[in-house]
Amino acid sequence: MMNRLGRDFFCRPSIQVSKDILGKFIAVGENRGMVVETEAYIGPQDKASHAFGGKVTERNRVEYLEGGFVYIYLVYGMYWQLNITTDGKGYPGCFLIRALDCGGDIKKTNGPGKLCRHLGLDNSFYGEDVAESGRIWFEDSRNRYSIASSPRIGIDYAGPYWSRRKLRFYIKDYEKYLPMPTS
DNA sequence: GTACAGATTGAG
DNA sequence: TCAATCTGTACT
């Protein structure tokens, strides 16, 4: 019996949502996966966020919607990155989904670009409402896991404070499958 | 208009 | 170590 996560779950601060979504499930069509790694992008003050300084572009405009909308974009010209908006309308918070456990080979879904490829996610999902959509949503779970945190990946350009802040969250049991900071 | 870096990945 | 290859930004 599925219990879909609704609007209220996502309309909270991104750090909170990034942690609470761990161990819960994403559904895309027939595919299911447990969320095991996320990163929070907390808002206009976050130098690593596309919305730093309140910037609005054609790409990031959906970030300013209330929580629960898909913000998906292309990096390096090749890989899609799946984010879900958080917070209230007008405040550009979101979280990035970096790894899933889909029950098969974890190596196929242990990166933000990989999991989008596995689930067939692309720009056609841009702006989709995960609280209402018939093709992408999240399901609740009572499972409880031990959560760990680290600096976010690939954002060294954000300066010492924002690149070091521990805004990446993951289920500790999956640590061995996930990239770890070099130092 | 040009140049270049980026929330990555897999091959060499 | 490096290239694939699209978007946004900072220039000319």
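We name chains A, B, ... by the order of the sequence lines, and we start the count at 1 in each one.
Using a 4.0 Å heavy-atom criterion, one finds that A/E39 contacts no nucleic acid atom at all. Residue contacts for A/R59: at a heavy-atom cut-off of 4.0 Å it reaches the sugar-phosphate backbone alone, with no base atom in range. Using a 4.0 Å heavy-atom cutoff across all strands shown, A/K55 reaches sugar-phosphate atoms only and no base atom. A/L96 comes within 4.0 angstrom of a base, heavy atoms only.
Checked against a 6.0 Å centroid threshold, the rings of A/F138 and A/F10 count as neighbours.
Within 6.0 Å of atom CZ in A/R164, 12 or fewer heavy atoms from other residues, nucleotides or ligands are found, so the atom counts as exposed in its surroundings. Within a 6.0 Å radius of OH in A/Y64, other residues, nucleotides and ligands contribute more than 12 heavy atoms.
The distance from atom CG of A/L74 to atom C1' of B/dT9 is 13 Å, rounded to the nearest whole Å. We find that CG of A/N83 is positioned 14 Å from C1' of B/dT8, with the value rounded to whole Å. For the pair A/D156 CG and B/dT8 C1', the interatomic distance rounds to 14 Å; values are reported in whole Å. A/W80 has its CH2 atom 12 Å from the C1' atom of C/dT5, to the nearest Å. Residue A/D122 contributes atom CG, which lies 14 Å from atom P of C/dC6 at whole-angstrom precision. Rounded to an integer number of Å, the gap from OH of A/Y71 to P of C/dT7 is 12 Å. Put simply, CZ on A/R168 is 10 Å from P on B/dT8, counting in whole angstrom units. Following rounding to the nearest Å, A/L178 (CG) and B/dT8 (P) show an atom-to-atom distance of 13 Å.
Atom CG of residue A/L115 and atom CG of residue A/L121 lie 7.5 Å apart, to the nearest 0.5 angstrom. Note that CD of A/E63 and NZ of A/K55 are 9.5 Å apart. Values are rounded to the nearest 0.5 Å.
In terms of hydrophobic clustering, with Ile, Leu, Val, Met, Phe, Trp and Tyr side chains grouped at heavy-atom distances under 4.5 Å, A/I147 and A/V17 are assigned to a common cluster.
Taking atom C1' on both C/dT7 and B/dG10, the two are 22 Å apart, rounded to the nearest angstrom.
Which of C/dC6, C/dT9, C/dT5 sits closest to the side chain of A/M78 comes down to C/dT5. The side chain of A/E58 has C/dG8 as its nearest neighbour among C/dT5, B/dT9, C/dG8. Minimum atom distance to the side chain of A/K114 is reached by B/dG10, of the listed B/dG6, B/dG10, C/dT9.
Side-chain atoms of A/T85 come within 3.5 Å of backbone N or O of A/F69 as a donor-acceptor pair.
Taking 4.0 angstrom as the limit, A/R98 places a side-chain polar atom (N or O) nearer than this to OP1 or OP2 of B/dT8. An OP1 or OP2 oxygen of B/dG10 is reached within less than 4.0 angstrom by a side-chain nitrogen or oxygen of A/R117.
Remark: ring of A/Y79 does not overlap the six-membered base ring of B/dT8 in a stacked fashion, as centroids less than 5.5 Å apart with planes less than 30° apart are not both met.
Ring-plane geometry between A/Y126 and A/Y71 is classed as perpendicular, the angle between the planes exceeding 60 degrees on a 0 to 90 degree scale with a lower cut at 30.
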- Message: Dot-bracket for DNA chain B, please. Rules: Watson-Crick or G-U, both distances under 3.5 Å, ( ) within the strand, [ ] when a pair crosses earlier ones, | for another strand, . otherwise.
- Response: ||||||.||||.
